[in-house]
Asks: 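Have a look at this one before I ask anything.
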Amino acid sequence: MQIETTINNKKVTLEAANDEFLADTLRNYGLLSIRQGCDTSCCGLCTVWIDGKPTLSCSTLAFRAQGRSITTIEGVQQEAKKFAEVLVAEGAEQCGFCSPGFIMTVLAMKNELNHPTEEEIVHYLTGNLCRCTGYMGQLRAVKKYLEVK
Amino acid sequence: MLKILDLVQPESIDEAYKVLTESHKSAVLGGCAFLRMGSKTINTAIDLSKLDLNYIREDNDYIEIGAMATFRDIETHPALKEHFNGVLPKSVNNIIGVQFRNVVTVGASVFSKYGFSDLITALLALDTEVELYKGGRMPLAQFMEESLQKDILTKVFIKKTGRIASYQSLRNSSSDFPILNAAVSKLDNNWLVVVGARPTRAVIATNASEKLSNGEDISNSAKAAAEELSFAGNLRGSAEYRKAMCEVLVKRAATEVMQCR
Amino acid sequence: MKQVGKGIAKIDGMDIATGRPVYTEDMIPPNTLVIKILRSPHAFAKIKSIDTAEAENLDGVECVLTYKDVPNIRFTLAGQSYPEPSPYDRLILDEIVRYKGDEVAVIAATDEKTAALAIDLINVEYEVYEPVIDFEEADSHQSTVHPENDLHCNFDIGMKKENNIACTHKVQVGDIEEELKKCDVVVEETYYTQAQAQAMMETYRAYSYFDHTGRLVVVSSTQIPFHIKRQLARSLEIPSSKIRVIKPRIGGGFGGKQTGAVEIFAALVTQKTGKPAKIVYSRKETFTCTNSRHAMRLKVRLGADKEGNIKAYDIQGLSDTGAYGEHAPTVFSVAGEKTLPLYNKTNAVRFMGNVVYTNKMPAGALRGYGATQGTFALESAVNKLAKKLNMDPAEIRLKNIINEGETCLTYNGKLLGSSTLRQCIEKGKELINWNEKYPQKELSNNKVRAVGMAVTMQGSGIAGIDTASAGVRLNDDGNFTLLIGSTDMGTGSDTILAQMAAEVLETSIDNITVNAADTDVSPYDPGSYASSTTYVTGMAVVKAAEDLKKKIIKCGAHLLEVSPQEVEFDGKNISATNNTITLKKLAELMVLGIGKQQLVGNATHGSDVSPPPFVAGFAEVEVDKETGKVDLIDYVAVVDCGTVINPKLARIQVEGGIVQGIGLALYEDVKYGKKGGLQTNSFMTYKIPCRKDIGNIRVHFEESYEPTGPFGAKSIGEVVINTPAPAIAHAVYNAVGVTIKSLPITPEKVFMGINK
């Protein structure tokens, strides 16, 4: 089926099967930052924004993008780089495979929460698994980023 | 692999129901978070996105939740934070992560009667009704007892009774499904004790509820809940452990309710 | 030092973090065949018949391959230097399937849906055998997991396949029974450590194609490109010279990718069809059909005198290698190798036991590689001894640990070159506030807080075996290219190796391009495992850079018409008393001009020793006495990894390892059903820690100087996973008096222990 949607502020028409998930559609469209780590809706790697909300693209059927606005890390490179610089300065990207989804969640949090506490930060980011870093460096980076703005 | 042969997006609930009942192997799509895990073939998938069921509304008597409202909507809605000591947001806010809760829908979760559900346990402790297109409006407890019919759950109503409620769960890892969960609520002298993830679906512990309503002490009532309910073992815990934890969680929930004024 | 010791950001950091397409799957060309695998539904069976006709006839199916289509040559998938100690006990596809998930047929089709459809069209008849599931019953079981006669071992590893014993191992110095008899106290306990999944975020994946000269190119997310090349050459009967293996960025490995899980299937399909082919494992396949940590049973007897001087200890082990013997002998021996030297005031030590085959997913390499298992057993026993003697567990360790300059019974007279373990323990005590918090403190509402500790050692590379080469080239523009074959899987090893080269060449890492892990281009390296890259490859890089520096000085002197002793090189200029030439000019002259000799520094390095890094780990937990739930509040890790080459990256390595260790301690458990089905096949059932599960983690370095390491460095990657399990178990004991002998420490086990 054809899906008319907005991807990274650009109106596009995508072709997708009924049972195709958005993560695959976006990768096929060339957005290779979309990673999948679990197949069971629980690792957060594939996080994109749908109408600004962080959402699992692996569990969203592609047709539901119809009329919505999809944002991937390719579409917010400027802000993503600002945070990535802090993250990388901490060494907390490690293998980097979970980083795009993680960064999309961090940026969504920044838009959604005002001056979050450490506890609120941890809570908001819990759905992003990471096997390399042990999370502490990510937390240091997020705290620095939000203070620095 | 999941297969969806045909997909419809009905403009009305009548139409949705018609497709559901008329075609073989049809299914209503919820949030779809669990859909990709199986290798189901759905002949006709019915998407309710066009039925404006994604809302949470409040009137004088009820909080009404549309079937397509997400767990994240529950978690962040001001009215739900305010009422019943925020028991509903508390019940869902540990589930996986925000991007998951932005996907999972209330209607699909309640309709599926998942044993591990955190939300159902909390809803059962409130004066909750569900509305089904065909089956009509009925108390959630009644719906939970009925066998699964081809129907569409459209709305969940929670009566604004001023119930005080507490939700407790025990998990191995904090993002895991619960080993056991419990919700206890009180309206005047009417208590409700609900235990879920036994690992089978949540039920009201009637003896325990009665004991608390009759003014018996919390420990005895919690013991009664553990005695009257059945528990089984799975990966997350044995039946024996669940039974022991039932007593602890019910006691903790009831104590918290008691301490609320 | 200008580069070493600096917390420099990873050279690939910004690109991988912001979503650039740099991983294996991102590079797969369009129209590549998709590979799917039909897997055994039985834990142990023989294929009686297999009918692939219908599947092959399906439109879009390129090939369906079974055991009839592959060479009858056994090999191992373990990524180890040749000759591998792991037994050659597998075929690409075998008539006998040995675990639920073992490969039965390889299907290649034009797209995923067709491949999936084809799988359903293959008809297989099995003769089902009684599987060996419980590893404690393997040696006496009626079934033989490996009945075949062509199984081959490169060494005598003590295999007794009729008893399902893959290998045996024994190290003994002194008369252990006699010495234990002489001890005032002997503690004895049997511990069980579970199988653990590596659970790297990027699952296994590879693709392959024939290049313009007909050579087979395999691109894979692997830790071991050179070993993969050798595996492919042997198993597919292709000359090694016709194979190239390339490693892009890796989304985590943790030892899992030290075993070749998928490359052979892609290569096989390309070999058979001539077409590009890709294989990307699902998370379920990754959990159920690759490899995990070896589950072990370890019985410890530990004897001491009344003053707490440890006189002798004996560890008897049994390890479960599953259906195939990848890493079976080495993981097991490491469990002893990294525990027997730790307390060296002994008269006798012994480590012995068997590794058995069972009909479960094979075990393999996972960070810690046996030391993790051995440390849990030994450290738990030491904590038990401290309790029995009523001594402070930190004191008993300070009394007994090996110190720098000392030897131990198993070191054959060699001396420990570096250690600050003593300072690590002292510092850790101070940071966790041990003297005030040990052993425990009751809180209100049925909770109790307590602390626990453990110490550990690992190695740095494999002594006498790991050999890495490195090259540094001076390019025409005056910049350098560092050529290495090690495999940065996110650790930052490409960066720290560049730091080392930059330090020697007195330049900054911006002037160094790192080219890594392409078997056509890179100098040989076994790959990144066994905590070898910083220590072994690092030393090769240092030597190669020094070689180049000498050549720069020599050529510079020649161009300046003075002797090499008369010039100085500061990274930018080669200067004599009254003349100077820039490095840039020198490079230009050597490569493009009159010099006619592009300067390259080369070196190969291996070490006779594997110097241990050390960690002292301290856990503070809060236990809910009514539920048994353990919350980790604080974890302090004090680390001796020699010189810290990059403090930021080293810190993240420690934190990440600690959290994997916390997972092992509290949550992670690869569980099998009675019939051998793996029950924990997703992140829904196999719980790695999420960020709410870990409490606070604090890391401190107590640097030592390792004389055999680059700039005094030792390893860090593995040692950091070992202490959480025993330290947390100790803290739980101190909190509620429950001894956890079997990991993980679930609330249920603690509750049942309290209410026994």
Side-chain angles (χ1 to χ4, degrees), chain A residues 17 19 24 27-28 30-45 72-74 76-77 80-81 83-85 87-104 119 121-140, chain C residues 7 9-10 12-23 25-26 113 198-203 249-254 282-284 488-492 646-660 662-663 682-685 688-694 696-699:
Chain A
D19 44 19
D24 298 318
R27 269 194 82 88
N28 292 339
L31 297 166
L32 298 179
S33 74
I34 310 294
R35 312 263 156 73
Q36 296 185 62
C38 71
D39 309 325
T40 50
S41 312
C42 57
C43 74
L45 262 64
T72 71
I73 198 167
E74 283 89 346
V76 288
Q77 279 288 297
K81 279 184 180 157
F83 173 60
E85 269 165 20
L87 187 72
V88 170
E90 283 296 330
E93 78 285 16
Q94 274 260 14
C95 87
F97 204 71
C98 73
S99 295
F102 174 67
I103 292 179
M104 288 308 282
E119 201 183 345
I121 291 170
V122 169
H123 179 75
Y124 199 98
L125 300 175
T126 294
N128 291 88
L129 293 181
C130 166
R131 187 61 158 170
C132 293
T133 64
Y135 304 115
M136 300 299 293
Q138 292 184 341
L139 182 62
R140 287 193 293 274
Chain C
K10 252 149 60 90
D12 53 350
M14 284 304 286
D15 291 284
I16 61 174
T18 56
R20 293 283 302 283
V22 291
Y23 299 88
E25 196 186 6
D26 305 338
K113 274 190 178 167
Q198 294 88 355
M200 69 299 279
M201 283 296 130
E202 182 199 34
T203 60
R249 302 328 290 165
I250 310 179
F254 312 114
S282 66
R283 180 56 64 185
K284 188 177 168 187
D488 185 340
M489 65 198 106
T491 57
N646 184 322
K648 286 211 168 139
L649 300 182
R651 183 180 182 184
I652 297 287
Q653 280 286 83
V654 181
E655 291 170 346
I658 295 294
V659 169
Q660 283 186 344
I662 292 168
S682 79
F683 283 131
M684 290 275 184
T685 45
I688 64 169
C690 73
R691 67 188 77 226
K692 279 183 187 166
D693 291 326
I694 56 168
N696 190 29
I697 297 165
R698 291 184 285 157
V699 175

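The basis for the numbers below is simple: all heavy atoms, side chains too, and nothing from hydrogens, waters or symmetry mates.
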Asks: Using every non-hydrogen atom in the two residues, find where A:Cys95 and C:Ile250 come nearest and quote the distance to one decimal.
Replies: CB-O, 3.5 Å

Asks: Report the option among C:Ala199, C:Ala650, C:Ser682, C:Pro21 that has the most heavy-atom pairs separated by less than 4.5 Å from atoms of chain A.
Replies: C:Ala199

Asks: Restricting to non-hydrogen atoms, name the atom on C:Thr18 and the atom on A:Gln77 that form the minimum distance, rounded to 0.1 Å.
Replies: O-NE2, 3.1 Å

Asks: Check each atom of C:Ile652 against the heavy atoms of chain A and say whether the ones under 4.5 Å are side chain, backbone, both or neither.
Replies: both

Asks: With only heavy atoms counted, which part of A:Leu125 is less than 4.5 Å from chain C, the side chain, the backbone, both or neither?
Replies: both

Asks: How about C:Glu25 and A:Arg27: do any of their side-chain heavy atoms sit closer than 4.5 Å?
Replies: yes

Asks: Most heavy-atom pairs under 4.5 angstrom with chain A, which of C:Asn646, C:Val659, C:Asp693?
Replies: C:Val659

Asks: So for A:Leu129, is it side chain, backbone, both, or neither that comes closer than 4.5 Å to the heavy atoms of chain C?
Replies: both

Asks: For the residue pair C:Phe254 and A:Cys132, what are the closest heavy atoms and their distance?
Replies: CZ-SG, 3.6 Å

Asks: Report the distance from atom CZ of A:Phe102 to atom CZ of C:Arg691, rounding to the nearest 0.5 Å.
Replies: 4.5 Å

Asks: Measure the CG-CD distance between A:Leu139 and C:Glu655 for me, rounded to the nearest 0.5 Å.
Replies: 10.0 Å

Asks: So what's closer than 4.5 Å to chain A heavy atoms on C:Gln198: side chain, backbone, both or neither?
Replies: backbone

Asks: Could you tell me which portion of C:Arg20 (side chain, backbone, both or neither) has an atom closer than 4.5 angstrom to a non-hydrogen atom of chain A?
Replies: backbone

Asks: Sort A:Asp19 into side chain, backbone, both or neither according to what part of it lies under 4.5 angstrom from a heavy atom of chain C.
Replies: side chain

Asks: Could you tell me which of C:Pro689, C:Gly657, C:Gly656 has the largest number of non-hydrogen atom pairs under 4.5 Å with chain A?
Replies: C:Gly656

Asks: Identify which part of A:Gln138 has an atom lying under 4.5 Å from any heavy atom of chain C, answering side chain, backbone, both or neither.
Replies: side chain

Asks: Given the options C:Met684, C:Arg283, C:Met489, C:Arg249, which has more heavy-atom pairs under 4.5 Å with chain A than any of the others?
Replies: C:Arg283

Asks: Measure the CZ-CZ distance between A:Arg140 and C:Arg651 for me, rounded to the nearest 0.5 Å.
Replies: 3.5 Å

Asks: Indicate yes or no: at least one non-hydrogen side-chain atom of C:Leu649 is less than 4.5 angstrom from one of A:Gln94.
Replies: no

Asks: Non-hydrogen atoms of chain A under 4.5 Å away: do they reach the side chain of C:Phe683, the backbone, both or neither?
Replies: both

Asks: Which of the residues A:Ala84, A:Ala80, A:Cys130 is involved in the greatest number of heavy-atom pairs with chain C at under 4.5 angstrom?
Replies: A:Ala84

Asks: CZ of A:Phe97 to OG1 of C:Thr203: how many Å apart, nearest 0.5 Å?
Replies: 7.0 Å

Asks: Please give me the minimum heavy-atom distance between A:Pro100 and C:Gly19, naming the atom from each residue.
Replies: CG-CA, 3.6 Å

Asks: Kindly compute the distance separating CG (C:Asp15) from OG (A:Ser99), expressed to the nearest 0.5 Å.
Replies: 11.5 Å

Asks: How about C:Lys284 and A:Asp39: do any of their side-chain heavy atoms sit closer than 4.5 Å?
Replies: no

Asks: Tell me if a side-chain donor or acceptor on C:Lys648 pairs with a main-chain N or O of A:Ala89 at a distance below 3.5 Å.
Replies: yes

Asks: Could you tell me which non-hydrogen atom of C:Ala17 sits nearest to which non-hydrogen atom of A:Glu93, and how far apart they are?
Replies: CB-CB, 4.1 Å

Asks: So, taking the atom named OG in A:Ser33 and the one named CG in C:Asp26, what distance separates them when rounded to the nearest 0.5 Å?
Replies: 9.0 Å

